[in-house]
Amino acid sequence: MTTFARRSAALLACAAFGFASSAYAQDKTVTIGVLNDMSSLYADIGGPGSVAAVKMAVEDSGLLAKGWKIEVLSGDHQNKPDVGVNIARQWIDTQKVDMITDTPNSGVALAVSNVAKEKNVVLLNNGGATADLTGKACNANTISYTYDTYMLANGTGKALTKAGGDTWFFLTADYAFGAALERDTSAVVTANGGKVLGGVKHPLNTSDFSSFLLQAQNSKAKIVGLANAGGDTTNSIKQAAEFGIVEGGQKLAALLLFINDVHSLGLKTAHGLTFTESFYWDLNDGTRAWSKRFQEKVSNHAMPSMTQAGNYAGVIHYLKALEALGGNPHDGAKVVAKMKEIPTDDPLFGKGPLREDGRRIIPAYLFEVKKPEESKGPWDYYKLVANIPAEDAARPLKDSDCPLVKK
């Protein structure tokens, strides 16, 4: 090739790159899909409330006023991984979805995480609890923003074991989430001198816990660990009261409890439950102001769950990353890399790094449900027992089995 030809080729390459960069900078269209349980046992903790939270994030980002076009879709995965995967693929292939958020149900979250990697979009997980999403199943397209089974185990499991609850029996939802939560809590219990006496698995969204609770009662374990969530948690707590489990000297550990669950149970039934969350509407001025805005936007006028708050905060950070990139590259891995690069800061969770394994590092809190006479009004349900530092709320990177982590 002559010198002239080489220079011409170089100029053409630069021109092509400049055109591509210009087109990329001008692309300010974004499509977000909220994928969750809209109609079943997890609908209150995610459902339409998560859609409302995401739309609030879009409004509050300020991008609409700057000429961005941002569309929000929603879909019901019915707690079935195959349904979740089909919706995700259809969204990406036909509606050009750039980011999928929420995904309560760890089985669905794990499956959709694989799709996100394959299709190079972003999965902003807020509802799926399994710590495997930032562990052995992590990838460059997935982020877990709000909580995971490691946080829950090291909050509630450690606190109750150290307080004398040194024998445990688990009532576990029979799918990926329950298995991960029982696994992580069992490890914490034994590490702190406790012993796991046994456990039983129950079907997802079951209505009858009698046989499972009878086994827990017969185990004589000091702590009955509820490794389930949503409607399964509330139903097991209600039926445990009928069995007289607490009156008989055993203590229930709600390993994953949301404010919506407490509201459903009522303080008379729920008081005394100890649990771990990374968000509560009444934590500070920022959480209170945002939560009251949220309450006005949802039809049931409920206060936000931890996952709904996480969807807001996560989408705010996602949109900050797109703005920092100067436009939407429609490249999930590139966007996630930018999300990890810029600092996270929002009124609900505060500041905190987004680690290389995709885990948002934020503090957690050990709460106890108030007695009815302790509550000062509607949704005043929690009292703070202990602060859990951010470095204790996430698995240390040195112990991570995430393939992205350099050791």
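Since we're looking at a predicted model, the values are computed, not measured.
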Tell me if a side-chain donor or acceptor on [X] pairs with a main-chain N or O of [Y] at a distance below 3.5 Å.
X      : Y      : value
Thr234 : Gly231 : yes
Asp102 : Leu35  : no
Asn141 : Val121 : yes
Glu182 : Phe170 : no
Lys238 : Thr269 : no
Thr167 : Lys222 : yes
Asn154 : Ala393 : no
His301 : Gln295 : yes
Asn126 : Thr307 : no
Gln239 : Phe209 : yes

Contact summary for [X] and [Y], nearest pair of heavy atoms:
X      : Y      : value
Ala240 : Leu252 : CB-CD1, 3.8 Å
Val34  : Ser50  : CG1-CB, 4.1 Å
Trp281 : Ser291 : CB-OG, 3.2 Å
Ile100 : Ala88  : CD1-CB, 3.6 Å
Ala221 : Gln250 : O-NE2, 2.9 Å
Ser375 : Asp380 : OG-O, 2.8 Å

Would you tell me whether [X] and [Y] have side-chain atoms, one donor and one acceptor, within less than 3.5 Å of each other?
X      : Y      : answer
Asp27  : Thr29  : yes
Thr156 : Thr274 : no
Asn260 : Asp44  : no
Thr233 : Asp261 : no
Thr142 : Ser113 : yes
Asp184 : Thr149 : yes
Tyr312 : Asp60  : yes

Among Thr172, Asn235, Asp208, Asn228, find the residue that satisfies the side chain to side chain donor-acceptor pair (under 3.5 Å) test when tested with His202. Asn228
Can you spot which of Thr103, Asn125, Thr130, Thr134 makes a side chain to side chain donor-acceptor pair (under 3.5 Å) with Ser144? Asn125
Give me the ring orientation class for [X] and [Y]: parallel if the planes are under 30° apart, tilted from 30 to 60°, perpendicular past 60°.
X      : Y      : answer
Phe367 : Tyr382 : tilted
His263 : Trp379 : parallel
Phe279 : Phe349 : tilted

Carboxylate-amine/guanidinium proximity below 4.0 Å for [X] and [Y]:
X      : Y      : result
Glu118 : Arg89  : yes
Asp282 : Arg288 : yes
Arg360 : Asp346 : yes
Lys338 : Glu341 : yes
Asp357 : Arg355 : yes
Lys119 : Asp93  : yes

Any chance you could measure [X], atom [atom1], to [Y], atom [atom2], to the nearest 0.5 Å?
X      : Y      : atom1 : atom2 : result
Met339 : Thr344 : CE    : OG1   : 9.5 Å
Thr146 : Arg359 : OG1   : CZ    : 8.0 Å
Asp392 : Ile361 : CG    : CD1   : 11.0 Å
Ile362 : Ile388 : CD1   : CD1   : 11.5 Å
Leu123 : Thr101 : CG    : OG1   : 7.5 Å
Thr276 : Leu366 : OG1   : CG    : 5.0 Å

Go through Val262 and Leu267 one step at a time and tell me if the side-chain contact (heavy atoms from CB on, under 4.5 Å) criterion holds. CA-CA 7 Å; Val262 176; Leu267 295 183; 4.0 Å; yes
Under a 4.5 Å cut-off applied to non-hydrogen side-chain atoms, are [X] and [Y] in contact?
X      : Y      : answer
Phe177 : Pro104 : no
Pro48  : Val298 : no
Met99  : Val54  : no
Val72  : Val315 : no
Phe258 : Ser264 : no
Met56  : Trp290 : yes
Leu256 : Met306 : yes
Ile70  : Leu319 : yes

Might you work through the side-chain contact (heavy atoms from CB on, under 4.5 Å) test for Leu255 and Leu226, ending with a clear yes or no? CA-CA 6 Å; Leu255 295 171; Leu226 303 178; 5.7 Å; no
Begin with the C-alpha distance, continue with both residues' side-chain angles, and end with the deciding distance and a verdict on side-chain contact (heavy atoms from CB on, under 4.5 Å) for Thr185 and Trp168. CA-CA 10 Å; Thr185 308; Trp168 284 64; 4.0 Å; yes
Taking atom NZ as the centre, does Lys370 end up with more than 12 heavy-atom neighbours from other residues, nucleotides or ligands that are less than 6.0 angstrom away? yes
Is the count of non-hydrogen atoms from other residues, nucleotides or ligands lying under 6.0 Å from Lys383 atom NZ greater than 12? yes
Would you please indicate yes or no on a ring centroid separation below 6.0 angstrom for Tyr365 and Tyr280?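 Between Tyr365 and Tyr280, which both carry aromatic rings, the centre distance is not below 6.0 Å.
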Is there a side-chain contact (heavy atoms from CB on, under 4.5 Å) between Ile342 and His317 once you walk through the steps? CA-CA 9 Å; Ile342 64 177; His317 189 61; 3.5 Å; yes
